[in-house]
Amino acid sequence: MTHKIAPSILSADFANLGRDIKMINTSQADFIHVDVMDGVFVPNISLGLPIVKAIKKYAEKPLDVHLMIVNPEKYITEFKNAGASILTVHAEACVHLHRTIYEIKENGMKAGVAINPHTPVAALKEIIKDIDLVCVMSVNPGFGGQKFIENTYCKIEELKIMSSLHNIELMIEIDGGVTIENYKKLINAGANVLVAGNTVFSSENPIETIKILKQ
Ligand code: DX5
Ligand code: ZN
């Protein structure tokens with residue numbers, strides 16, 4: 001699988017969201033990464049369902065929705081109706097992760113599970129066969145523009161071994177601190193979806209930056 005790029009709209013200009021979505025539409029990006037934060041699971045509040053719906057109206061790429069909220073199982077149908085194609089929940093936020101994953105899939109979405117920097121890959125051992133995407137947090141979730149945590153490379157290795165053991169095609173997504181300097185190393189390590197917020201939106205030419213990240 002050639003790697004995919006998911007610009008994170010957390011770093012977009014929220015007063016010009018339509019413009020920034022159109023930029024992503026015309027770029028080589030594969031997904032639009034949408035970070036939902038509740039101020040409880042993470043120490044920040046970002047956006048909710050009405051904004052996801054508004055993004056969907058303009059988006060020509062699938063919405064990769066990353067829920068950084070407690071009790072995500074309560075909102076699965078709502079996010080489906082708002083336009084999510086991939087719905088990612090945090091392993092740390094789900095008591096009944098297996099049930100939640102199946103509810104996401106029954107709602108016609110791809111199911112993703114995110115793990116915080118301190119959560120071992122082994123926590124996914126019993127459900128790896130059931131999920132479409134693992135979102136490896138390479139920063140502590142909550143904010144854009146943070147420094148990449150180097151231990152992420154070890155987690156990618158472990159995930160690669162785990163997925164080949166089960167002979168499954170797993171999306172290994174890296175979220176946080178992806179830059180022009182480290183994206184190639186991440187792909188070589190086995191990552192196949194790269195989220196990029198700050199790197200894309202703080203660059204002079206976001207379309208060109210996405211093109212570089214795709215190479
Ligand atoms: C962090 C979010 C990320 C964030 C990444 O909690 O999950 O998706 O937007 O931003 P950058 O690429 O700026 O680290
Ligand atoms: Zn994210």
Side-chain angles (χ1 to χ4, degrees), residues 3-14 17 20-21 23-24 27 29-48 51-52 55 59 61-70 72 75 79 82 84-94 104 109-119 131-153 155 171-187 191-204 206 209-210 212-214:
H3 73 276
K4 294 182 162 51
I5 299 299
S8 169
I9 56 100
L10 187 64
S11 296
D13 178 355
F14 280 10
L17 211 40
D20 286 355
I21 301 297
M23 179 282 290
I24 298 176
S27 78
D30 299 276
F31 302 139
I32 300 177
H33 188 83
V34 183
D35 289 310
V36 177
M37 303 178 185
D38 66 354
V40 180
F41 182 70
V42 287
N44 194 10
I45 299 173
S46 57
L47 53 90
I51 306 290
V52 180
I55 292 169
K61 317 256 177 177
L63 301 191
D64 166 30
V65 177
H66 176 192
L67 299 182
M68 284 160 273
I69 65 174
V70 296
Y75 305 100
F79 278 102
S85 294
I86 303 169
L87 194 63
T88 296
V89 295
H90 266 264
E92 303 86 2
C94 296
I104 293 172
M109 295 174 286
K110 298 249 188 247
V113 177
I115 50 171
N116 280 336
H118 76 276
T119 302
I131 61 185
D132 301 291
L133 176 147
V134 174
C135 176
V136 182
M137 290 310 303
S138 38
V139 297
N140 283 295
F143 304 93
Q146 300 183 83
K147 193 175 173 297
F148 181 84
I149 296 171
E150 295 290 324
N151 184 52
T152 306
Y153 293 109
K155 293 174 109 173
M171 286 188 269
I172 301 177
E173 177 176 71
I174 308 303
D175 191 5
V178 172
T179 63
I180 297 292
E181 285 71 43
N182 65 16
Y183 82 99
K184 276 215 169 117
K185 193 173 168 193
L186 287 164
I187 295 159
N192 49 31
V193 184
L194 301 181
V195 175
N198 188 54
T199 293
V200 167
F201 286 99
S202 72
S203 71
E204 256 174 44
T209 303
I210 292 167
I212 294 169
L213 292 171
K214 264 305 262 189

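Numbering of ligands and ligand atoms starts at 1, following listing order.
When the heavy atoms of G144, A6, A114, G142 are ranked by distance to atom 10 (O) of ligand 1, first place goes to G144. With distances taken over non-hydrogen atoms, the option nearest atom 8 (O) of ligand 1 out of L67, V34, N116, D175 is D175.
No N or O atom of N140 sits closer than 3.5 Å to an N or O atom of ligand 1. For the pair G176 and ligand 1, the shortest N or O to N or O distance does not fall below 3.5 Å. Residue-to-ligand polar distances place G197 within reach of ligand 1: an N/O pair is separated by less than 3.5 Å.
The proximity of L10 to ligand 1, defined as any non-hydrogen pair under 4.0 Å, is limited to the side chain. Of all the heavy atoms of A196, the ones lying under 4.0 Å from any atom of ligand 1 belong exclusively to the backbone.
Take the Zn ion (ligand 2) as the corner point: the lines to OD2 of D175 and to ND1 of H66 open at 90°, to the nearest 10 degrees.
Under a 4.0 Å heavy-atom criterion, T199 is not in contact with ligand 1. Residue contacts with ligand 1: F148 is excluded, as none of its non-hydrogen atoms falls under 4.0 Å.
Inspection of the T179 and N182 side chains reveals an N or O donor paired with an N or O acceptor under 3.5 Å. In the model, H66 has no side-chain atom that pairs as donor or acceptor with a side-chain atom of D64 under 3.5 Å.
Shown here is K214, whose NZ atom has more than 12 heavy atoms of other residues, nucleotides or ligands within 6.0 Å.
Nearest protein neighbour of atom 11 (P) of ligand 1, counting heavy atoms only, is G145 N, 3.6 Å.
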